[in-house]
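Scroll down for the structure; my scribbles are underneath it.
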There are 2 protein chains.
Amino acid sequence: MNDKKNVQIGELAKRLGITTRTIRYYEEIGLMGPPERLGGGTRTFNKDDILRLKFILKLKELGISLNEMQELAEHFDIHKQDFDTITPKLIEILDLHISKVDEKIANLSSLRHEIVDYRLRIMDILNKK
Amino acid sequence: MNDKKNVQIGELAKRLGITTRTIRYYEEIGLMGPPERLGGGTRTFNKDDILRLKFILKLKELGISLNEMQELAEHFDIHKQDFDTITPKLIEILDLHISKVDEKIANLSSLRHEIVDYRLRIMDILNKK
DNA sequence: ATTTTACTTGACCTTTACGTAAGAGATATG
DNA sequence: CATATCTCTTACGTAAAGGTCAAGTAAAAT
Ligand SMILES: [Zn+2]
Ligand SMILES: [Zn+2]
Ligand SMILES: [Zn+2]
Ligand SMILES: [Zn+2]
């Protein structure tokens, strides 16, 4: 049994409902930073690592792309791992996202209108036959 | 000069604001059917071809994927090229799309709500410091 | 000690709708 | 005829976010 609090990749993935590939991928693109390793090379994740990963997943849920997160990460203090140091940059990004979402909603609404119209015209054609 | 009404690919693309690659691609995946060719192999498109292409672009505008169009195309009478033979299948697909769009709108709306909430919580943290 | 999991890196696969050469042939114009 | 401009096919590249092997190690359990 592990007496340290550190967790291996499989366990962590299971906990968060993602795959190990995902975690390695986030590390690969620099979102996660290199974790500590055991003697043999096995990754172990500490509490901060886990918090960071959860934070990433939260942002993803909010529709923020990994790319955007990378830009965002540049504004985190790299040496402090706590997220009390969230800068106004995050607010900025969230605001930008709110307006993007608004825009998408507007586009979809007018798309919906168009589809309905088109549908009606086709129904007319069918009925007049 | 061409005294026939048939048009070559470059001209057609320019007219419709797409690229020649797009037209060849639609043919490649079977959306467009092989056009007539000149002696040397150059494609020429007649009125019906053009109508069909415009129809495809219209559906694309409505958010219907090429894949869906292929399924749709299976329900067209392959030998008749007129679009009076639009079957109820198109209506079906449009209806499906309307509900998909509705779903997307709903998702985006709740996403927006979440983002705003999250933003507020962060603002709180920043202000209490 | 040995089997059974778990983990490692690397590399190729997936989807969608084309973009972008490369190299060769065709068409239009001077 | 020469030249410029199309057009042809073939085939690899692209973005996003991982999925899916494969071959080789390490850790955990028996
Ligand atoms: Zn974004
Ligand atoms: Zn209307
Ligand atoms: Zn669809
Ligand atoms: Zn709320």
Side-chain angles (χ1 to χ4, degrees), chain A residues 1-46 49-50 53 55-73 97 100 104, chain B residues 1-4 6-32 34-46 49 53 55-73 93 97 100 104:
Chain A
M1 286 238 173
N2 242 337
D3 46 347
K4 294 161 199 159
K5 285 290 180 57
N6 287 12
V7 185
Q8 279 175 227
I9 199 167
E11 167 73 13
L12 181 54
K14 204 179 299 172
R15 259 194 223 175
L16 300 182
I18 59 182
T19 71
T20 62
R21 175 63 173 114
T22 298
I23 297 174
R24 291 197 193 97
Y25 181 65
Y26 290 171
E27 183 188 333
E28 195 180 318
I29 65 178
L31 267 185
M32 274 297 289
E36 297 157 45
R37 307 267 188 150
L38 297 181
T42 296
R43 277 168 258 251
T44 58
F45 300 89
N46 61 35
D49 294 332
I50 297 172
L53 183 49
F55 184 63
I56 289 171
L57 294 178
K58 180 67 188 172
L59 290 184
K60 213 188 66 162
E61 229 179 274
L62 295 181
I64 288 162
S65 73
L66 300 185
N67 219 304
E68 278 170 317
M69 288 186 216
Q70 283 177 313
E71 289 173 34
L72 184 57
H97 252 273
K100 271 192 196 170
K104 274 187 197 172
Chain B
M1 288 235 171
N2 243 338
D3 46 348
K4 294 160 199 160
N6 287 12
V7 186
Q8 278 174 231
I9 198 166
E11 167 73 12
L12 180 54
K14 203 180 300 170
R15 261 194 220 175
L16 301 183
I18 60 181
T19 71
T20 62
R21 175 66 172 112
T22 298
I23 297 174
R24 290 197 195 98
Y25 180 65
Y26 289 171
E27 183 189 332
E28 196 179 319
I29 65 177
L31 266 185
M32 275 296 290
E36 295 157 46
R37 307 268 187 149
L38 297 182
T42 296
R43 277 168 257 251
T44 58
F45 299 89
N46 60 35
D49 294 333
L53 183 49
F55 183 64
I56 290 171
L57 295 178
K58 180 66 189 172
L59 291 184
K60 210 188 68 160
E61 230 180 89
L62 295 182
I64 289 164
S65 73
L66 301 185
N67 218 305
E68 279 171 316
M69 288 187 218
Q70 285 176 312
E71 289 173 34
L72 183 57
I93 290 188
H97 253 272
K100 272 191 195 171
K104 274 187 196 171

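Lettering follows sequence order; numbering is per chain, from 1.
Contact between the side-chain N/O atoms of A:K60 and the OP1/OP2 oxygens of D:dG18 is found at a separation under 4.0 Å. Close to D:dC8, at under 4.0 Å from its OP1 or OP2, lies a side-chain N or O of B:R43. A sub-4.0 Å separation between OP1 or OP2 of D:dG19 and a side-chain N or O of A:Y25 is absent. Using a 4.0 Å cut-off, no side-chain N or O of B:R37 falls inside it from OP1 or OP2 of C:dT27. Considering only side-chain N and O atoms, A:Q8 lies under 4.0 angstrom from the phosphate OP1 or OP2 of D:dA28. Between B:Y26 and C:dC18 there is a side-chain N or O to OP1 or OP2 distance below 4.0 Å. Phosphate contact (OP1/OP2 of D:dT7, side-chain N/O of B:T44, threshold under 4.0 Å): absent.
A:K14 NZ: 12 or fewer foreign heavy atoms inside a 6.0 Å radius.
Residue A:K14 is out of contact with every strand shown, counting any heavy-atom pair closer than 4.0 Å. Note on A:L66: only backbone sugar-phosphate atoms sit closer than 4.0 angstrom, heavy atoms only; bases stay farther off. Residue-level contact check: A:T19 touches the backbone only, with heavy atoms under 4.0 Å from sugar-phosphate atoms and none from bases.
Spacing between atom CD1 of A:I18 and atom P of D:dG19 amounts to 9 Å, rounded to whole angstrom units. Following rounding to the nearest Å, A:E68 (CD) and D:dA16 (P) show an atom-to-atom distance of 10 Å. The CD-P distance, from B:E11 to D:dT5, rounds to 17 Å in whole Å. As a whole-Å value, the separation of B:F45 CZ from D:dC6 P is 16 Å. Put simply, CD on B:E61 is 16 Å from C1' on C:dA17, counting in whole angstrom units. Across the protein-nucleic acid pair, B:R21 atom CZ and C:dA22 atom P stand 16 Å apart, rounded to whole Å. Atom P of nucleotide C:dC7 and atom CD of A:E27 are separated by 14 Å, given to the nearest angstrom. Per the geometry, CD1 belonging to A:I29 stands 14 Å off P belonging to D:dA15, to the nearest Å.
Salt bridge absent: A:E27 and A:R21 never bring a charged side-chain N and a carboxylate O closer than 4.0 Å. Ionic pairing of B:K100 and B:E68 is present here: one or more N-O contacts between side-chain nitrogen and carboxylate oxygen are shorter than 4.0 angstrom. Here A:R24 does not pair with A:E28 in a salt bridge; the nearest charged N to carboxylate O distance is not below 4.0 Å.
Judged by closest nucleotide on DNA chain C, B:N67 is the one of B:N67 and B:G41 placed further toward the 5' end. The 5' end of DNA chain C is approached more closely, in terms of each residue's nearest nucleotide, by A:I9 than by the other of A:I9 and B:T42. Map B:G10 and B:E28 each onto its nearest nucleotide of DNA chain D; the residue landing nearer the 5' end is B:G10.
For B:R24 and D:dT9, a side-chain-to-base donor-acceptor distance below 3.5 Å is absent, hydrogens and geometry of angles not being considered.
Using a 4.5 Å cut-off on side-chain heavy atoms (C-beta onward), B:I23 and B:L53 make contact.
Shortest non-hydrogen contact noted between B:G10 and B:T20 is CA-CG2, 3.9 Å.
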